[in-house]
Amino acid sequence: MPEYLSTAPVKGTRDFLPAEMSVRTQVFGHLYDVLERYGYLRYDGPVLEQAEVYERKSGQEIADQQLYTLTTRGGERLALRPEMTPSVARMIAGHAKSLSFPVRWYSHPNCHRYERPQRGRVREHWQINADIFGSESANCEIEMFELIHDLMGAVGATPDMFAVRVNDRNLLSSALTDVAGISPDHLPQVFALVDRWEKTSAEDHAASAAEIGLSDKQFAKLTETLSAGPALLDELPAEVKAESNLVKVLASSAASLVRYEPLIVRGLAYYTSTVFEVFDTSPQNRRALFGGGRYSNLASMFTKEQISGIGFGMGDVTLMDFLDTHGLVPQPRSEVDVTVIPVAEDLADPAREVATTLRKAGLRTSTPLELRKLGKELTRADKAGAIAVVIVGEEDWAEGMVTVRSLATREQQRVTLADVPATVRAMVSPA
């Protein structure tokens, strides 16, 4: 007996059969449309980058635990991209002299991380990225939040289904040092603790705080500070708030789009001020869907120019889970709108002629690849989701006519070749 290879995809990766691909194409098409209506231009880049790019800027978790690396025959260390932001920073830095800043770019790359596969996490995913480069204005933050709401609305979500939770790392640093009394030396470790605060228990918080070296009094003050919500802003120094774009957002009409939350940190090391995460509010899927933030010096790996940026990455896995939770997953599209069926082998050329006319009219049209009985072809067309069939018969064709049949009503009519597109269109898209 031959030993057949497994038909399963590699662990942590997925196959997308046509029906699922149809759903994805519809969803992402809505998102592309919104991005481009905002003036974002699409770009792409290589799936391989220098491993050092991620080791220096993406944070310890990605660099040490999740990075897929390889070494070329020449000894060069490369990595499969786990995210797109360092790559786009490289591109922006490399072409800065030819760009007219600020720029709005978006992409939809596939990314690779060595994760433990579970709900919301796989080892290969697709992620829509949207970024603004070359401006430090708070208007960038405002546009990001408006864009997020419009993207979510484009896939059917209403504002009650999600929350945009925002913070500023500089505000958080001030809260931890000026309000909670944390030593600046402990900030990196406390930031990491805050980042996992909602994912672990109070007992774990206390144990981690003790490991960091916080006293019981400091831990109690830390807990109080993190649970203060918007009231925390009143306790922060005026000079710190004056430098924060987020504070400006919260004082604008865009404040209703977001919710200030001291617990939002974001684990990626390159974020420098504003950070945000979009959360599903459903009890069945209460989790972060995607997030982003501002990075003031990410391009500094590649250039001495100071190029500030802000952006987010929306992963396909959590997005599809969100749509499924809220009953928003669209139905797969049918294979075709119409099938043209010749009743005899010598009518194959006329059938192709009819099909060509329909395709030029913008209708998705198929013809049989192998001649079968008319009844079987009608059944096949129905299973393919066709709304109508065009039957090319010998006597009809000799008279310059064909028969158009509705698969929904079973009604049919003889029409000329010139009238076929309009007749079918009326069945596919009735008034």
Side-chain angles (χ1 to χ4, degrees), residues 15-37 42 108 150-151 153-157 320 323-324 327-431:
D15 294 327
F16 301 116
L17 300 186
E20 188 171 2
M21 201 66 205
S22 172
V23 170
R24 293 169 65 84
T25 299
Q26 293 177 67
V27 170
F28 298 138
H30 293 316
L31 301 179
Y32 300 159
D33 181 61
V34 171
L35 286 158
E36 292 178 8
R37 280 192 273 118
R42 188 168 180 176
H108 193 192
D150 283 349
L151 288 169
V155 295
M320 291 301 179
L323 296 180
D324 183 57
L328 298 174
V329 179
Q331 291 298 311
R333 291 186 69 190
S334 61
E335 292 179 26
V336 292
D337 299 314
V338 55
T339 298
V340 182
I341 305 172
V343 300
E345 195 76 55
D346 59 356
L347 292 171
D349 283 344
R352 284 194 290 271
E353 181 181 342
V354 176
T356 298
T357 302
L358 289 166
R359 289 171 186 143
K360 287 181 178 179
L363 291 157
R364 297 174 301 144
T365 307
S366 69
T367 57
L369 298 175
E370 298 178 0
L371 184 65
R372 295 184 295 183
K373 291 181 179 180
L374 179 60
K376 289 186 176 181
E377 289 300 339
L378 291 173
T379 299
R380 172 69 182 86
D382 195 34
K383 288 183 178 179
I387 301 298
V389 295
V390 178
I391 302 170
V392 182
E394 293 178 350
E395 294 182 6
D396 283 350
W397 189 254
E399 298 175 16
M401 307 286 284
V402 294
T403 297
V404 180
R405 178 185 296 186
S406 166
L407 290 178
T409 66
R410 304 303 178 186
E411 295 177 354
Q412 62 185 44
Q413 53 188 301
R414 294 176 77 237
V415 300
T416 65
L417 179 59
D419 291 334
V420 170
T423 303
V424 172
R425 176 72 68 189
M427 294 178 180
V428 173
S429 305

Quiz item: Does the side-chain contact (heavy atoms from CB on, under 4.5 Å) test come out yes or no for V389 and L407, once each step is laid out?
Solution: CA-CA 7 Å; V389 295; L407 290 178; 3.9 Å; yes
Practice problem: Let me see the working for V338 and V390 under side-chain contact (heavy atoms from CB on, under 4.5 Å), right down to the final yes or no. | Solution: CA-CA 7 Å; V338 55; V390 178; 3.9 Å; yes
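For D150, the side-chain contact (heavy atoms from CB on, under 4.5 Å) test picks out V34, Y38, with sequence neighbours left out. In terms of the side-chain contact (heavy atoms from CB on, under 4.5 Å) criterion, residue partners of R364 (sequence neighbours excluded) are, by chain and number, R333, S334, D337. Every residue meeting the side chain to side chain donor-acceptor pair (under 3.5 Å) condition with T339, not counting sequence neighbours, appears here in chain and number order: S366.
Side-chain atoms of T409 and S406 include a donor-acceptor pair closer than 3.5 Å.
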Pairs under 3.5 angstrom only: tabulate donor-acceptor contacts from the side chains of residues 369-379 to other protein residues two or more places apart or in another chain.
{"residue": "R372", "atom": "NE", "partner": "E377", "partner atom": "OE2", "Å": "3.1"}
{"residue": "T379", "atom": "OG1", "partner": "G375", "partner atom": "O", "Å": "3.1"}

Can you give each donor-acceptor pair under 3.5 Å made by side-chain atoms of residues 419-426, sequence neighbours left out, with the distance rounded to 0.1 Å?
{"residue": "D419", "atom": "OD2", "partner": "T416", "partner atom": "OG1", "Å": "3.1"}
{"residue": "T423", "atom": "OG1", "partner": "D419", "partner atom": "O", "Å": "2.8"}
{"residue": "R425", "atom": "NH2", "partner": "A361", "partner atom": "O", "Å": "2.6"}

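Using a distance-only test at 3.5 Å, with no hydrogens or angles considered, a donor-acceptor pair links the side chain of T365 to the main chain of L363. Between the side chain of T356 and the backbone N or O of R352, at least one donor-acceptor pair lies under 3.5 Å.
The distance from the NE2 atom of H30 to the OG1 atom of T25 is 11.0 Å, given to the nearest 0.5 Å. The CD1 atom of I391 lies 12.0 Å from the CG atom of L347; values are rounded to the nearest 0.5 Å.
Across all non-hydrogen atoms, the minimal contact from V23 to Q331 is CG2-C, 4.4 Å. Summarising the geometry of A388 relative to M427, their closest heavy-atom pair is CB-SD, 3.7 Å, with the distance given to 0.1 Å. When all heavy atoms of V340 and A351 are compared, the pair lying nearest together is CG1-O, 3.5 Å.
Put simply, the side chain of V27 reaches to within 4.5 Å of the side chain of L323, judged on heavy atoms. Residues P368 and P342 are in side-chain contact: their nearest non-hydrogen atoms beyond the backbone lie under 4.5 Å apart. Here the side chains of L35 and L151 are in contact, with some heavy-atom distance below 4.5 Å. Between W397 and E353, the closest side-chain pair of non-hydrogen atoms falls below 4.5 Å. Side-chain atoms of L417 and V354, non-hydrogen and from C-beta on, do get closer than 4.5 Å to each other. You'll find the side chain of V402 reaches within 4.5 Å of the side chain of V415, heavy atoms only.
Here salt bridge (charged side-chain N to carboxylate O under 4.0 Å, His left out) pairs that include residues 389-407, with residues two or more places apart or in two chains, are D396-R414, E399-R414.
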